[in-house]
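Structure, as structure tokens:
Computed from a predicted model, the values in this text were never measured in an experiment. Naming: A, B, ... by sequence-line order, numbering from 1 per chain.
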There are 2 protein chains.
Amino acid sequence: MTTPRKGPEDWIAAAFKALADGGADAVRVEPLARALGVTKGSFYWHFTDRNALLDAALDTWERAGTEGIIERVDASVADPRARLLLLWELTSGEPGLGAELAIRDWARRDSSVADRVRRIDARRLDYVRDLLAALSPSSHDLEGRAMLLYALLIGNFFIVAQPAGMDRAEVLDRAVTFVLDAARV
Amino acid sequence: MTTPRKGPEDWIAAAFKALADGGADAVRVEPLARALGVTKGSFYWHFTDRNALLDAALDTWERAGTEGIIERVDASVADPRARLLLLWELTSGEPGLGAELAIRDWARRDSSVADRVRRIDARRLDYVRDLLAALSPSSHDLEGRAMLLYALLIGNFFIVAQPAGMDRAEVLDRAVTFVLDAARV
DNA sequence: ACCTGAACACCGTTCAAGT
DNA sequence: ACCTGAACACCGTTCAAGT
């Protein structure tokens with residue numbers, strides 16, 4: 001008895017999920033149509049083409065991957081160091097970030113995607129810098145230290161191998177200590 | 001008068017270039033066949049399928065992205081800190097590393113690709129640790145500091161935004177200083 | 001207003017047939 | 001031994017026709 005009618009939101013939700021699970025190539029009109037129970041022809045009533053759908057899915061991802069995460073972190077704990085650690089955890093295993101690699105790769109070939117990634121990086125870098133400023137009495141080389149932590153966040157998220165006898169949480173914990181020590185010059 | 005005949009190496013070279021330029025999706029049999037001046041049917045004489053070609057291209061990438069880079073660095077300069085800086089430069093702009101994002105993304109869905117990336121990470125991490133050990137009198141938390149530097153290398157390679165008033169070389173230089181300072185406990 | 005169904009293009013894969 | 005050419009499947013895109 002359910003109407004087969006699907007709104008743009010249904011397509012976008014399905015596309016976002018496919019994007020996170022399988023990357024940009026997994027966002028294909030015909031399989032999505034099958035999953036939604038309509039024909040692919042109906043897709044073109046709601047969207048210009050496949051690219052428009054990907055763009056809409058990226059909007060969702062951009063929000064979830066920045067403000068969404070930041071709000072959750074801020075709401076969960078108050079201590080800046082605890083926030084960094086939580087941020088670390090969330091960005092390590094979050095399904096919403098599963099598409100991060102695919103999107104950064106995609107950004108190499110699409111300047112509008114590159115603009116998105118730039119916005120996201122800048123926003124996250126701001127957040128990390130704020131946490132660091134709250135943690136550290138000295139503002140010595142705040143930019144450099146924030147970048148160090150953020151790059152560590154991104155890099156460690158993408159690195160498969162881990163050093164012997166350490167887990168990811170330990171890596172960040174030591175990094176924070178390094179970065180705070182480095183401020184005491 | 002040139003024979004249209006193409007050996008596996010011709011296909012692999014073309015595939016590697018496509019992989020670095022446009023990611024895994026850009027490695028398509030029919031366009032490559034056109035570029036090589038043969039029909040796509042001939043491709044299947046040399047390879048089982050598209051995946052076998054991608055696999056061969058990954059072999060090339062794996063060598064170029066690890067031993068290839070390391071050999072070039074070692075041959076160019078002797079000082080460990082200079083080596084780190086050169087490593088940084090090479091991994092920032094090298095075309096051979098253009099596929100790095102695509103491959104890491106791909107590794108999420110293919111365990112044999114994940115194995116490759118794990119090997120590469122481990123090898124590079126070893127190299128960074130060796131340089132760090134040569135630089136630093138103290139072996140205090142060598143693992144953690146090597147991981148920090150390597151993650152910074154990877155992360156900064158993938159981050160689009162840069163902190164205001166700093167270029168990438170400066171970021172690494174400060175990071176190395178941090179990491180060396182952190183050893184003096 | 002929204003969807004179906006048929007059509008066409010592009011590419012992966014197979015294979016019989018050519019040289 | 002290596003390649004062509006035709007065939008088929010899958011998916012992106014268009015569009016006339018249905019409700």
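Between A:Phe43 atom CZ and C:dT4 atom P there is a gap of 14 Å when expressed in whole angstrom units.
Here the side chains of B:Phe47 and B:Asp55 are not in contact, with every heavy-atom distance at 4.5 Å or above. Side-chain contact check for A:Tyr150 versus B:Ile159: some heavy-atom pair is nearer than 4.5 Å. Between B:Asp173 and B:Trp88 the shortest side-chain heavy-atom distance does not fall below 4.5 Å. Residues A:Ile154 and A:Phe157 have side chains not in contact (no heavy-atom distance under 4.5 Å, counting atoms from C-beta outward).
Ion pairing between a basic and an acidic side chain is recognised when a charged N comes within 4.0 Å of a carboxylate O; B:Arg5 and B:Asp10 show no such pairing. Ion pairing of A:Asp126 with A:Arg123 is absent here, as no side-chain N (NZ or NE/NH1/NH2) approaches a carboxylate O to less than 4.0 Å.
The partner of D:dC8 is C:dG12, by the rule that a Watson-Crick or G-U pair needs both atom distances under 3.5 Å. Pair assignment for D:dG18 gives C:dC2, based on Watson-Crick or G-U wobble hydrogen-bonding distances that are each under 3.5 Å.
A:Leu54 approaches A:Ala24 most closely through the heavy-atom pair CD2-O, 4.3 Å.
Residues of residues 44-57 of chain A having a heavy atom closer than 4.0 Å to DNA chain C, listed by number: A:Trp45, A:His46.
Ranked by how close their nearest DNA chain D nucleotide is to the 5' end, A:Val27 and A:Ser42 are led by A:Val27.
At a cut-off of 3.5 Å, with distance as the only test, no side-chain donor of A:Arg118 or A:Ser111 sits close to an acceptor on the other residue.
Separation of atoms CD1 (A:Ile120) and CD (A:Glu100) is listed at 6.5 Å; rounding is to 0.5 Å.
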Detail all sub-3.5 Å separations between protein N/O atoms and N/O atoms belonging to nucleotides 17-19 of chain D.
none

Show each protein N/O and nucleotides 6-11 of chain C N/O combination with a separation under 3.5 Å, one pair to a line.
unit_1, atom_1, unit_2, atom_2, d
C:dC11, OP2, B:Arg34, NH2, 3.1

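When the options B:Asp59, B:Asp121, B:Asp110 are evaluated for a salt bridge (Lys or Arg N to Asp or Glu O under 4.0 Å) with B:Arg116, the one that passes is B:Asp59.
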